[in-house]
Amino acid sequence: MKKILLVEDETSVASFIKKGLSEEGYEVSIALDGSTGLQMALVNSFDLIILDIMLPGINGIEVCRSIRQQNKSVAILFLTALGTSENVVIGLGAEADDYLIKPFKFIELLARVKSLLRRTEKATPARPASDGDEFQIGNLVVNDYTKIVKRGERIISLTSTEYRLLLLFIKNPKKVLSRLEILEAVWGINFDMATNVVDVYVNYLRKKIEKDGAPKLIHTVIGMGYVLKESNEDTN
Ligand code: CA
């Protein structure tokens, strides 16, 4: 169950939000002032913090800054009656993820909450980018539209065969590909020529993408072929 901390000094607003979010299946804790909210945020682990700005004691912006100094990953949504662009800028400058201006409809709040929780969930490695042209594993990114390959910030220059080989791997992450499958896909050869062309090209590719001690991504599966995956699991 997703845990949400609500820091809001108006008890009627706080209980209205808590009731609504609880009905949606979230576990909601309430703090009625800034210092209590900050303390709860630092001691417990929440998936999302909903933070009013005008609070007794420490205001929401200060609370947000202090939380960010300790825990970068929790999603923070500001609630504010101060709907001027200036205050919104201050809020996002304090590294909140989003804001909502009071008064708001519950359905708007719920939409923001869901979207923020989805965003933090998606922050896992090795997923293809939503834009279907981009593929990623670890910090290796292949953009099949621009044909640009990057490992971290470093641009890697590949020959067209190396590129097609890498594209095959990155479109099939974690799948063990046999030499024959690779031959068919990259060279258009549908029989085993008993050459080591696949091994040779895999080695070219490794030299380029696994340069300078970057973690290994292309692994040999003895008697089977090759697999592209992050090194944290087994084999070499
Ligand atoms: Ca308030």
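Numbering of ligands and ligand atoms starts at 1, following listing order. Note that the structure is a prediction, hence the values are computed from the model and not measured.
Atoms CD and CG, from Glu230 and Asn139 in turn, are 8.0 Å apart once rounded to the nearest 0.5 Å.
Residue Asp52 counts as close to the Ca ion (ligand 1), with an N, O or S atom under 3.0 Å. Not one N/O/S atom of Glu8, from backbone or side chain, sits under 3.0 Å from the Ca ion (ligand 1).
Remark: the backbone N or O of Leu79 is not paired with any side-chain donor or acceptor of Lys102 at under 3.5 angstrom.
Closest to the Ca ion (ligand 1) among the N, O or S atoms of Asp9 is OD1.
The only member of Val176, Leu177, Val198 that meets side chain to side chain contact (heavy atoms under 4.5 Å, CB included) when paired with Tyr226 is Val198.
In this structure, Glu108 does not pair ionically with Arg112, as no charged nitrogen and carboxylate oxygen lie closer than 4.0 Å.
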